[in-house]
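A short worksheet on the structure shown next.
On a predicted model such as this, the values are computed, not experimentally measured, just so you know. Each ligand, and each atom within it, is numbered from 1 in the order the structure gives.
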Amino acid sequence: MLNIALFGPPGAGKGTQSEHLVSHFNLFYISTGDMLRRELTAGTRLGEEARDIIAAGGLVSDEIIVQIIEKTITENPQAAGFLFDGFPRTFIQAYILDGLMIKLNTSLNCLINLQIPENVSISRLLKRGETSGRLDDNETVIRNRLREYHEKTLPVLQFYQDKNQQFDVDGTRPVEDVRRDIVRILQQELDKNLFNLVLFGYPGSGRGSQGQALAEKFGLEYVATGRMLDEEIRNDTPIGRTVTGLYESGQLVPDEIVVRLIEKKIENAHGVKGFIFKGFPRTLVQSYILDGLLRKHGSRISKIIDIEVPTLELIQRLDARSRTERQMPYDSSTGKIVKRLQEHEQKTIPVIEKYQQLHDVTTVDGRGAFAEVFEKLSAEVEAGIRSVR
Ligand code: AMP
């Protein structure tokens, strides 16, 4: 997701730049000014309350702004991102925006500050007033709007400066030059977005080999808790010895151990484009842990895929694997295989169900040849990466 706010005095070019940015980055456009004008035209209660304030060049109350903006945002949670034009305009509205973003499980990427001097603002607005038909594009009101901007809106910048989220752009230059600068900044922001995939599927569904191949193809870091634990066993570490005992009795490894290993993996991964999580989360508790771990690193789950394979085929595959050197400690006998499948059924299926309620879970048919399934998964990952970048 890309969420941005275009900031600047009246006449800075926010509306003009928005038009291009909205189509270039496929964003949902939110202009509080346009929304208020629509309320005015429709003669609604909110419109009536705002009419005199707008006509005088003042700022409408934060209460009114919350009401018009909340409805629009929550009605469009599937948007690829939001572009805010003319909001936040007060310090309070900066907090409101943060709250709204949290509600959508996202955050503002940055604020673009279009800078123009006051005389340019005035001459542009007077020129616009010749054709805009706006009741606030005349000299007296323009001066009032600029005063409001200096007194109430400029302090908003401090909020974003403190968070290192503000980018200044010289708005006096030709439209195309300003546009190029903004696009470059936003593209850099998008490149920072990690693509995090959670790969589900019963043991034997192919999620391990597919996950590894996907990670390689798309430059993602493969996080397989099972494999990380095996490494501990191979290195005969204290964790490894504990884990061996648990495996032999077919139990899951305690969360403390798994979390420590994943945290280490995320912290040591520099410059990666994202992560593929396989075999984690396996329980509801772990699903909360993953949300927390990703949030700590300013990120979130981008896509969830469940690879589906019928149970009989799973047993056949695991049984076949148990007779090769790819045998895992946990599929060395039919009894253990069945226990693993039951474990998945009892603990992991509720996690997938939780995700189905909170996010979208994409189901991919895991039957057939490896390459065939890989192609289907690749298409999903490609689309997913495009949506975060
Ligand atoms: P704009 O189209 O952004 O120039 O907004 C026109 C007028 O609508 C402003 O002068 C304000 O009276 C009102 N307005 C628009 N957005 C806001 C906001 N976020 N907070 C308060 N008033 C607003």
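A donor atom on one side chain and an acceptor atom on the other are not found under 3.5 Å apart for Y222 and E216. For the 3.5 Å distance criterion, the side chains of D62 and Q93 qualify, holding a donor opposite an acceptor.
Ring to ring, Y29 and F82 are not that close: their centroids are 6.0 angstrom or more apart.
Listed by number with element, the atoms of ligand 1 under 4.0 Å from a non-hydrogen atom of L59 are 21 (C), 22 (N). Those atoms of ligand 1 that come under 4.0 Å of a heavy atom in D136, given as number and element, are 6 (C). Below 4.0 Å from some heavy atom of G86 lie the following atoms of ligand 1, by number and element: 16 (N), 17 (C), 18 (C), 19 (N). Residue contact check: L36 has heavy atoms under 4.0 Å from atoms 8 (O), 13 (C), 14 (N), 15 (C), 23 (C) of ligand 1. Within ligand 1, counting atoms from 1 as listed, the ones closer than 4.0 Å to a heavy atom of Q93 are 18 (C), 19 (N), 20 (N), 21 (C).
Between R241 and E232, no side-chain nitrogen of the basic residue sits less than 4.0 Å from a carboxylate oxygen of the acidic one, so the salt-bridge criterion is not met. Residues E48 and R51 are paired through a salt bridge, judged by an N-O separation under 4.0 Å between the basic side chain and the carboxylate.
When heavy-atom distances to ligand 1 are checked against a 4.0 Å cut-off, R145 comes that close only through its side chain, counted from C-beta outward.
Residue contacts with ligand 1 include G58, since one or more of its heavy atoms lies under 4.0 Å from the ligand.
Here the shortest heavy-atom distance to atom 9 (C) of ligand 1, taken over R89, R37, R134, belongs to R89.
Other residues, nucleotides and ligands contribute over 12 non-hydrogen atoms within 6.0 Å of the CZ atom of R184. Surrounding OH of Y288 are at most 12 heavy atoms belonging to other residues, nucleotides or ligands under 6.0 Å away.
Scanning the protein heavy atoms around atom 16 (N) of ligand 1, the nearest turns out to be T32 OG1, 2.7 Å. Of all protein heavy atoms, the one lying nearest to atom 22 (N) of ligand 1 is V60 N, 3.1 Å.
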